[in-house]
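Here is the naming used below: chain letters follow the sequence lines, and residue numbers restart at 1 for every chain.
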Number of protein chains: 2
Amino acid sequence: MSVDEWADLTPTARTILGFVAQHPRSGYDIREAARRSVSYFWGVSDGQLYPQLKLLAELGLIESPQEDPGARSKSVWHITPAGRAALTKWIRSPSAPLRMRDENLVKMMFAAELEPAEVLRLVDERRKSFEWFAKNVASPGPAQSWQADQKLGSRTTSELLHEYGKQHTENALAWCDQVEEALRGIANDRA
Amino acid sequence: MSVDEWADLTPTARTILGFVAQHPRSGYDIREAARRSVSYFWGVSDGQLYPQLKLLAELGLIESPQEDPGARSKSVWHITPAGRAALTKWIRSPSAPLRMRDENLVKMMFAAELEPAEVLRLVDERRKSFEWFAKNVASPGPAQSWQADQKLGSRTTSELLHEYGKQHTENALAWCDQVEEALRGIANDRA
DNA sequence: CTGAACATGTAAAAGGTTACATGATTTT
DNA sequence: AAAATCATGTAACCTTTTACATGTTCAG
């Protein structure tokens, strides 16, 4: 419960803290919010969510109004001053390097020796996954009332973040086109 | 040692198998190759590398010519027919969804409530990390003799993969510009 | 009153990273 | 012969994922 135990928090705990900082939320809310917005650059898995909320509460970084003892009903968490301080401190500390796990790309790398059809299958798989993403995650969704979203000049932060996701997706899809074009090159060579 | 134990392999083991499949390599070679090429879409950490190589050998998917008992010297692994079969099977199976951990972006999401200077710091951090990446990872590097790289029409697979990394990096850097522009918007508002 | 969606939780296992330890080879 | 780099390895820890388990509220 010491003031500086924030340093021990896992990155996921900090992300959860961030969500609570935006406005009071229940665990379920956080799950949904994480799916909508950060899922492509930061996944929060179910098994982490509730234990980490509990931990954050124990550290006094968040709290829930009614300490409802036995109840298994919805509890809405809000951030404490200590929590906000911890969040700020985290944001100011150096970030962990970006880490990615893109199995499809790895396969592509090794598929070169296989038949072109195999590469085509992979590109297809990739395209589909990014198309799904464009539709389900990278899309803006209705603006929420609580989005007291800071303006950064003419644009809000969530607009900018959404923009990033969109560009990334478009880029990935364009690359799929490029690979397919190259593959058509093979077909032409053989024709 | 059964034929179908390939299914139990971790994704990292499969990546390692892929590297060995390209041409015979030592653990150290794989480490270097992974750093150069896949590091931004698939990290291989030191602590995994050697144990996984051992496992792959036990399963008969790779082997090292001399079963040098006590020696701690360089051992070069090459893929077995079973290994190649396992690799192909893996490539043909559905890929795990893309997963990303981008702490800098997460922070950006929550930094909106802080002073603009804080956001600027984050953008700066981001820019630097991608600039480093552009210089050290996304750059082509000298073509290696062993790169019996399949031509996909007019272009090789590694060219295409490299192209992807480059586009991704450029995209990320361009986005940094956009955010900074937005921030300058704030400065102007106050001027 | 029944099913769907809401909501919270836990345990075990899998997977990955860090830090450490050690020796071999090559260069200066 | 010292230093740098090549090379392999291990153990402990940390984090995340998966699968399961359970109760609640609301709409039809």
Query - Check ion pair Lys135(B)-Glu131(B) (N to O, under 4.0 angstrom) - result: no
**Report entry** Nearest-nucleotide pick for Ser26(A), side chain only, options being dT10(C), dT8(C), dT15(D)
**Finding:** dT8(C)
**Report entry** Shortest side-chain distance from Thr10(A), nucleotide among dG16(C), dT18(D), dT15(D)
**Finding:** dT15(D)
Can you check the [X] [atom1] to [N] [atom2] distance for me, whole Å?
| X | N | atom1 | atom2 | result |
| --- | --- | --- | --- | --- |
| Asp8(B) | dT18(D) | CG | P | 16 Å |
| Arg31(A) | dT18(D) | CZ | P | 14 Å |
| Ile62(A) | dT8(C) | CD1 | P | 11 Å |
| Met100(A) | dG16(C) | CE | C1' | 18 Å |
| Leu49(B) | dG16(C) | CG | C1' | 13 Å |
| Arg25(B) | dA7(D) | CZ | P | 13 Å |
| Asp46(B) | dA11(D) | CG | P | 16 Å |
| Gln48(A) | dC20(D) | CD | P | 19 Å |

Query raised in the report: Looking at residues at least two apart in the chain, or sitting in another chain, which of them share a salt bridge (Lys or Arg N to Asp or Glu O under 4.0 Å) with Arg127(A)?
Result: Asp177(A), Glu180(A)
Requested in this report: Return the set of residues passing salt bridge (Lys or Arg N to Asp or Glu O under 4.0 Å) with Glu170(A) (not counting sequence neighbours), or none when no residue passes.
Outcome: none
Distance below 4.0 Å between [X] side-chain N/O and [N] OP1 or OP2:
| X | N | result |
| --- | --- | --- |
| Thr12(B) | dG16(C) | yes |
| Arg99(A) | dT17(C) | yes |
| Lys54(A) | dT10(C) | yes |
| Arg101(B) | dT16(D) | yes |
| Tyr50(A) | dT8(C) | yes |

**Report entry** Ser39(A) OG to Leu98(B) CG distance, which is reported to the nearest 0.5 Å
**Finding:** 10.5 Å
Requested in this report: Identify the heavy atoms of Glu125(B) and Pro94(A) that sit nearest to each other, and give their distance.
Outcome: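 Glu125(B) and Pro94(A) have their closest heavy atoms at OE2-CA, 3.4 Å.
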Query raised in the report: Want to settle it: does Tyr28(B) or Val44(A) sit nearer the 5' end of DNA chain D, counting the closest nucleotide to each?
Result: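 With Tyr28(B) and Val44(A) compared, the 5'-side residue is Tyr28(B).
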Query raised in the report: Which part of the nucleic acid, if any, lies within reach of Gly47(A) when heavy atoms closer than 4.0 Å are counted: base, sugar-phosphate only, or nothing?
Result: base
